[in-house]
Amino acid sequence: MTTIRFIHTADLHLDSPFKGMTGLPSARLNELRESTFTAFNRLIDYAVETSPDFLLIVGDIYDGEDRSLRAQRKFQEGMEKLHEAHIPVYITYGNHDHLSGNWTRFELPPNVHEFSEEVEEVPLTVRGMDVVLHGFSYPTRHVREEMISKYPPATDPHSFHIGLLHGSLAGNETHAVYSPFTIGELQSKHYDYWALGHIHLRQHLSEDPPIVYPGNIQGRHRNESGEKGFYEVELSKTDAVLSFVPTSAVQFGRIQIPCVDIRHANEWLAVCEEALLSFATEHGPSVVDVEILNLDDETAAFFAQTAEDVWLEAIREVMEGHEPFVWVQELTVTNPSHRQESNSLMEAVLGQVDSWSENEWKQVLGDVYQHVRTARYLEPLKEEDIQELRHEVEKLLLNELPTVLEVNR
Ligand SMILES: [Mn+2]
C-alpha cells in the first residue's frame with residue numbers, strides 16, 4: 001500500500017449564534033442554530049463509517065473565543081467516538097478559537113493531538129508509511145506574522161509531508177489577513193499536501209501539490225451560500241484524489257424568479273411556490289434570497305401596488321409548513337430598466353465601498369460606534385457584520401439610485 005487516506009476539514013464554527021436571522025418561526029430558528037452541530041455529527045459519522053487513517057481540523061473549531069460549554073461538550077463527544085473507532089485527530093486552533101481565549105477546559109481523549117503555538121512537527125506511521133504533519137495554533141486572535149517562514153522544508157522524499165495552515169493569501173484584502181502566505185512559499189516547502197483553513201469558500205489554490213481550502217461545514221449567512229462540507233483525500237507520492245463530502249444541514253442560497261405577464265397575486269404566489277419547492281427538493285432545508293426579475297411594465301406596476309415587505313410576508317405564509325423548509329430571508333423586485341440606468345454609478349460607489357479596509361469601515365461607522373448612548377449596546381464589529389452592511393448598501397443603492405437619477409434629469 002502506498003496511499004494514505006485522511007479527512008481534511010476546517011472552520012467548524014460550532015455553536016455559531018446566527019444572530020442576524022430574525023423573523024423565523026422558532027422551530028426553524030432552532031434547526032438553524034443546531035446546524036453547525038448537525039454538520040459536525042455528519043462529519044464524525046462519516047469518519048466512523050469509513051475509518052480514514054487520520055483526521056485534520058485546521059482551525060476555528062469553535063465560533064467564539066469563549067468556546068461555549070455546549071460546543072466543547074459536543075466536540076468532546078465527537079472526539080470520543082473517533083477514539084473508540086481508533087481514528088487519530090490532529091487539530092490546530094485559529095483566529096476564532098485562539099489559545100488566549102477565556103474558556104472552561106475540557107480534556108480531550110488521547111487520540112487527539114492539539115498543535116501548540118509554535119510551528120511543530122508531528123511524525124506518525126500509517127500502515128508502515130511515514131507521515132510528518134506541520135502546523136501551529138493561534139496564540140492570540142490576530143496573527144499577522146508570516147508564520148509560513150517557520151515551516152521547515154521537507155527533506156526526506158520518502159515521507160508524506162502535510163502542512164496545516166490557518167491563514168490567507170498575502171494581499172487578499174477581502175478577508176482579515178492572518179498568517180499570510182503566497183502560493184510560491186507553500187510550494188517551496190516541497191510538501192505533498194497543504195491543508196488550509198480560514199477562508200470559508202471551498203477552493204483549490206494549486207493542484208501540484210494540492211493546496212486546499214475545504215471551506216466551512218455549514219454556511220452561516222447569505223455570503224456563505226451553497227453546499228458545504230469537507231474533503232476526503234487519498235494521497236500517494238505521485239497522485240492526490242479529493243472527494244468532497246457534503247454536510248450542511250441548512251443551505252443558504254439565492255433564487256431568481258422571472259415574472260413575465262403576471263397580473264394577479266395568486267399567479268405570482270404559485271410561480272414562487274413552485275420555484276422554492278424545487279429549490280428545497282434539490283438542496284434540502286434552505287434560507288434564500290429571492291429576486292424577482294424580467295418584469296414588463298405592467299407587471300412592474302402590479303408589484304408597485306403593494307409594498308415589498310407585504311409581498312414577502314405573503315410568500316412566507318405560502319411556504320409555511322413545507323418540508324424540507326425554505327425560509328425566504330429577503331425579497332427584491334428588480335426593475336431591469338432601472339438597473340441598467342444606474343449600473344455605472346452603482347459600480348463606482350460599490351467599488352469605493354469594497355475598497356474600504358476594516359479600519360475604514362470603523363471610521364465610516366464612527367458616529368454609531370462611538371456614540372455615548374449607542375456604543376455600549378453594540379457588539380464589536382465583525383467581518384460578517386461588514387458583509388451584511390455591504391449588502392444593505394447595495395440594496396439601498398438599487399432602490400434609491402433610480403429615484404435620484406429621475407429627479408436630477
Ligand atoms: Mn473561520
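None of the values given here were measured: they were computed from a predicted structure. Position 1 is the first residue of the sequence; numbering continues from there. Whatever order the structure lists them in is the order used to number ligands and atoms, beginning at 1.
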Taking the inter-plane angle between the rings of F54 and Y90 on a 0 to 90° scale, is it parallel (under 30°), tilted (30 to 60°) or perpendicular (over 60°)?
perpendicular
Atom name of the N, O or S atom in D60 that lies nearest to the Mn ion (ligand 1):
OD2
With the Mn ion (ligand 1) at the center, what angle do NE2 from H200 and OD1 from D11 span, rounded to 10 degrees?
90°
Can we call the ring centroids of F230 and H8 under 6.0 Å apart?
no
Under 2.8 Å: N/O/S of H166 next to the Mn ion (ligand 1)
no
Using a distance-only test with no angle check, is there a side-chain donor-acceptor pair under 3.5 angstrom linking H204 and Y231?
yes
Would you call K74-E77 a salt bridge at under 4.0 Å N-O?
no
